Amino acid sequence: MPLRIPAKRRIYILAALVVLMLAIGVAALDIGPLDTTCGEVFTVLKDRLLFAAADDRTWADPTIWNLRFPRIVMAMLVGAGLAVAGALMQGLFRNPLADPGLIGVSSGSAMGAVVSIIVMPYFGLSGDWLVYAATPICAMAGGVGITFLIYQLSRVGGRIHVASMLLTGIAINAIGGALIGLAVTRIATADQLQSFTFWSLGSLNGVMWPVVGITALVLLPCLGLSLALGKPLNAFLFGELEAYHLGVDVPKVKRIAIVVSALMVGVTVGFTGGIGFVGLVAPHIIRLGFGPDHRFLLPASALCGAILLLIADSLARTIVSPAELQIGILTALIGGPFFLMLLLKSRKEMSI
Amino acid sequence: MSQFHAIRIQFSLILAVTLTAISLQAESKNRIVTVGGAATEIVFALGSGDDVVAVDLSSQYPAAVRDLPQVGYIRNITPEGIMSMRPSLIVATETLGPPAAKKMLKQMGAPIVWIPEPNSVEALEQGLTDIGQKLGKTEQANEIIAEVKASIAATQEAASAWSSKPTAVFFITPPTGAGGGRAGGEGTRSDELISLAGGANAVEFKNFQGMSIESLIKTDPDVIFVGVSDSHGASPESVEAMKTLPGLANTKAVKNGTIYAVPMDDLSFGPRLGEAVNRWSSHLATAAN
C-alpha cells in the first residue's frame with residue numbers, strides 16, 4: 001500500500017464520501033417511528049432553510065425539524081469528532097490500538113457524569129439547571145481535566161514521553177474506574193444507577209438545536225486544527241526522532257493533538273454519553289482501504305465516523321421502535337464484526 | 001340505468017354516514033400512552049385500561065399491558081416513539097428520562113399528566129387525583145384513595161396492638177451461597193413499606209446496597225423479605241435456598257421461619273398499595289406475637 005495517494009484521487013474519494021454522508025443524512029430524515037413521506041421531508045427542509053412563514057405547518061414539521069434533524073447533524077459531528085480523535089491518537093502513539101480512552105478523556109468524562117448524576121444530588125444539590133446542564137458540563141470538564149492531569153504527570157523535564165503518558169493513563173483510568181464503582185455501589189439510588197448506565201451506553205436521544213450549536217462551536221475549530229496535523233503526523237510514522245530531524249516541532253504537535261482530542265471527545269461525550277468503538281474503527285477502515293497518509297486519513301476518518309454514526313443512530317431509532325436502543329450498543333455490535341471481517345480479509349497483506 | 005345510479009348514490013351515502021360514525025366513535029376514544037408502573041396501574045384502576053395503546057417496560061401490571069407496544073424503559077424514553085402512537089393523552093411518572101426527552105415531550109404539545117414519583121401514600125393520592133381529574137373520573141379516584149387509606153389505617157390499627165415493633169430487611173436480590181445480596185436501606189420504597197406495615201427497617205444505610213451474609217447475621221432481623229417476580233428479580237426457589245444457607249441457621253428469621261417471598265410489584269406504590277401493606281404487615285405480625 002503506497003503511503004501517498006495522488007492529490008487528485010484524494011479529492012475524488014473525499015468528495016464521494018461527502019456525497020454519501022449527505023445522502024444518508026437526508027434519507028435518515030425520513031426514517032423514524034412516525035410515518036413521514038419524502039415530500040414532507042422536502043417541504044419541511046425547504047420551509048425551514050428558506051425561513052418560510054410558520055402558519056400551516058403539520059405535525060411532520062416538529063418531528064423532522066425538532067426531533068430528527070438536530071440528532072442527525074449531531075450524529076455527523078460526534079462521529080467525525082470521535083473518529084478524528086482516534087486517528088490523532090493512533091498517529092501520535094504510533095499504535096493501531098490507541099484511542100482517546102488512553103489519555104483519560106473517557107474515564108474522566110464518566111467521572112464527571114457520575115459527579116453530576118449521583119454525587120451532586122447526594123449533597124442536596126438539585127434543580128432544573130442540574131438536570132439539563134450539569135451532566136454535559138461535568139462530563140466535558142472531567143474529560144478535559146483528567147487529560148490535563150495525565151499530561152502534567154507524564155511530563156519529564158518539560159518533555160512528554162509517550163510511553164510514560166500511556167502508563168500514567170492506565171493508572172489514572174484504574175483509579176477513575178474505582179471511584180465510579182464506589183459512587184455507583186455506595187450512594188446511588190436505583191434511579192441514578194439506571195441514569196448512569198444509560199448515559200454510559202451513549203444516546204443521541206433528546207439532542208436539541210442548542211446542543212448541536214455548542215458542539216459545532218467546539219468541534220469545528222478542533223477538526224480544522226487536526227487537519228493541519230496531517231503532514232507532521234506522517235513524519236511521526238517514522239519515529240519521533242526522525243520527525244524532529246525532518247523539521248517537525250514534535251512537542252508542539254503532541255500538545256495540539258492531545259488538547260484537540262480531549263476537547264472533541266469531551267464535548268461529544270458530555271452531551272451524548274459513552275459511544276464506543278467509532279474512534280478506533282473509523283480510522284482503521286480508511287487506513288485499510290487507502291493507506292496511512294494522514295493528509296487523507298484525517299479528513300476521510302471524519303467522514304467515515306460521521307457515516308458510521310449516522311447509520312448506527314438511524315438503526316437505534318428504528319429497529320425496536322417505538323422504543324429505542326442505546327447507540328453505544330450498536331456501534332460496538334455493528335463495528336465489531338465489521339472490523340473483524342476487514343482485519344481477517346487484509347491480514348495477509350499486513351504485518352500487524 | 002338511472003335507478004341503478006340512484007341506488008349507487010344511496011349506497012354511497014349510507015356508506016359515508018356509517019364511516020363517519022365509525023371514525024367519530026374512534027376519535028372520541030382516548031389513546032393513552034402510560035409511562036411508569038404506578039401511572040399504568042392508576043389508569044387501569046380508573047377503568048380506562050381499554051384506552052391505553054402503549055406502555056413502557058416498567059409497566060408490568062395488569063398482565064394485559066404486556067401485549068401492548070412498548071415505548072422503551074422509563075429512564076430511556078424517545079419522544080418520537082411516544083408521538084408515533086398518536087396519543088391523545090400521555091400519563092407519565094416524573095422520573096421519566098432522559099431529562100432532554102422529558103423537555104421535548106412538553107414541547108411537542110401533547111396533553112400530559114405528570115404524576116409524582118410513587119414512593120408514598122401522598123404521592124399515590126396526588127397521582128390518582130390528577131389522573132382522575134384528567135379522565136373525568138374524580139369520583140372513582142376519590143373512592144380508590146379512600147379505600148387505600150382505610151385499608152392502611154386498619155392494618156396500622158392492628159399493628160399498634162403488637163407487643164413489639166419487629167425489625168425487617170428487604171432484599172431486592174437475595175444473598176446466595178456465593179455472596180451477599182442487595183438490601184433496601186433508608187429512602188427506598190421498601191423502607192417506606194416496612195414502616196407503613198408497622199415494622200422497622202433493620203438496615204441503616206441509604207438506598208439499595210450490597211449486604212453480606214455476615215452483616216445479615218449481625219443485623220439478625222425478625223423478618224426477612226425477598227422480592228420475587230417472574231420477569232425480573234428473584235424466584236421463589238432462591239428464597240427457599242436462603243433458609244439452608246450455612247451461617248443463617250442461627251438467625252431469628254430462619255429459626256422462626258420468618259423469611260417471606262413478596263411480589264416485587266408491592267414496591268410499585270400504585271392503587272394496590274393497601275394490599276401490599278396488608279401483606280407485609282401480616283408477615284411482620286407473625287414475628288411480633
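FYI, side chains are in, hydrogens and waters are out, and symmetry mates aren't considered; it's all heavy atoms of this structure. Here is how names work: the chains are called A, B, and so on, in the same order as the sequence lines, proteins then strands, and each is numbered from 1. These numbers were taken from a predicted model, which means no experiment stands behind them.
- A donor and an acceptor atom, one from each side chain of B/Gln209 and A/Thr185, are nowhere located under 3.5 Å apart.
- The residue among B/Ala100, B/Gly210, B/Gly185, B/Pro98 with the most heavy atom pairs within less than 4.5 Å of chain A is B/Ala100.
- When each of B/Gln107, B/Met108, B/Met85 is scored by its heavy-atom pairs under 4.5 Å with chain A, the top score falls to B/Met108.
- Annotation: B/Lys102, atom NZ; neighbour count of heavy atoms from other residues, nucleotides and ligands within 6.0 Å is above 12.
- Between the side chain of B/Ser48 and the backbone N or O of B/Phe44, no donor-acceptor pair lies under 3.5 Å.
- Within a 6.0 Å radius of CZ in A/Arg186, other residues, nucleotides and ligands contribute 12 heavy atoms or fewer.
- Contacts of B/Thr78 with chain A are made by both backbone and side-chain atoms, with heavy-atom separations under 4.5 Å.
- Between chain A and the residues B/Lys206, B/Arg86, B/Arg182, B/Glu117, the most heavy-atom pairs under 4.5 angstrom are made by B/Arg86.
- Of the possible polar contacts, one joining the A/Arg68 side chain to the A/Leu29 backbone as a donor-acceptor pair under 3.5 Å is found.
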| field | Full working for ring pair (Phe, Tyr, Trp, His ring centres under 6.0 Å) between B/Trp280 and B/Tyr260 | value | CA-CA 9 Å; B/Trp280 288 42; B/Tyr260 298 101; over 10 Å; no
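- Using a 4.5 Å cut-off between heavy atoms, A/Val207 contacts chain B through its backbone alone, with no side-chain atom that close.
- Here the rule is side-chain contact (heavy atoms from CB on, under 4.5 Å) with B/Ile32, and of B/Val91, B/Val53, B/Ile131 only B/Val91 fits it.
- If you measure heavy-atom distances from B/Ile74 to chain A, you find no contacts under 4.5 Å at all.
- Heavy-atom distances place no part of B/Phe205 under 4.5 Å from chain A, backbone and side chain included.
- Interface remark: A/Ile187 contributes backbone atoms only to the contact with chain B (heavy atom separation under 4.5 Å).
- Ranked by heavy-atom pairs under 4.5 Å with chain A, the first of B/Arg75, B/Met104, B/Glu80, B/Met83 is B/Glu80.
- The greatest number of non-hydrogen atom pairs below 4.5 Å with chain A, out of B/Val71, B/Ile77, B/Thr188, B/Leu57, is found for B/Val71.
- Because its NZ or CZ atom is both nearer than 6.0 Å to the ring centre of B/Tyr61 and within 45° of the ring axis, B/Arg272 counts as a cation-pi partner of that residue.
- Contact annotation for B/Gln70: only backbone heavy atoms (N, CA, C, O) come within less than 4.5 Å of a heavy atom of chain A.
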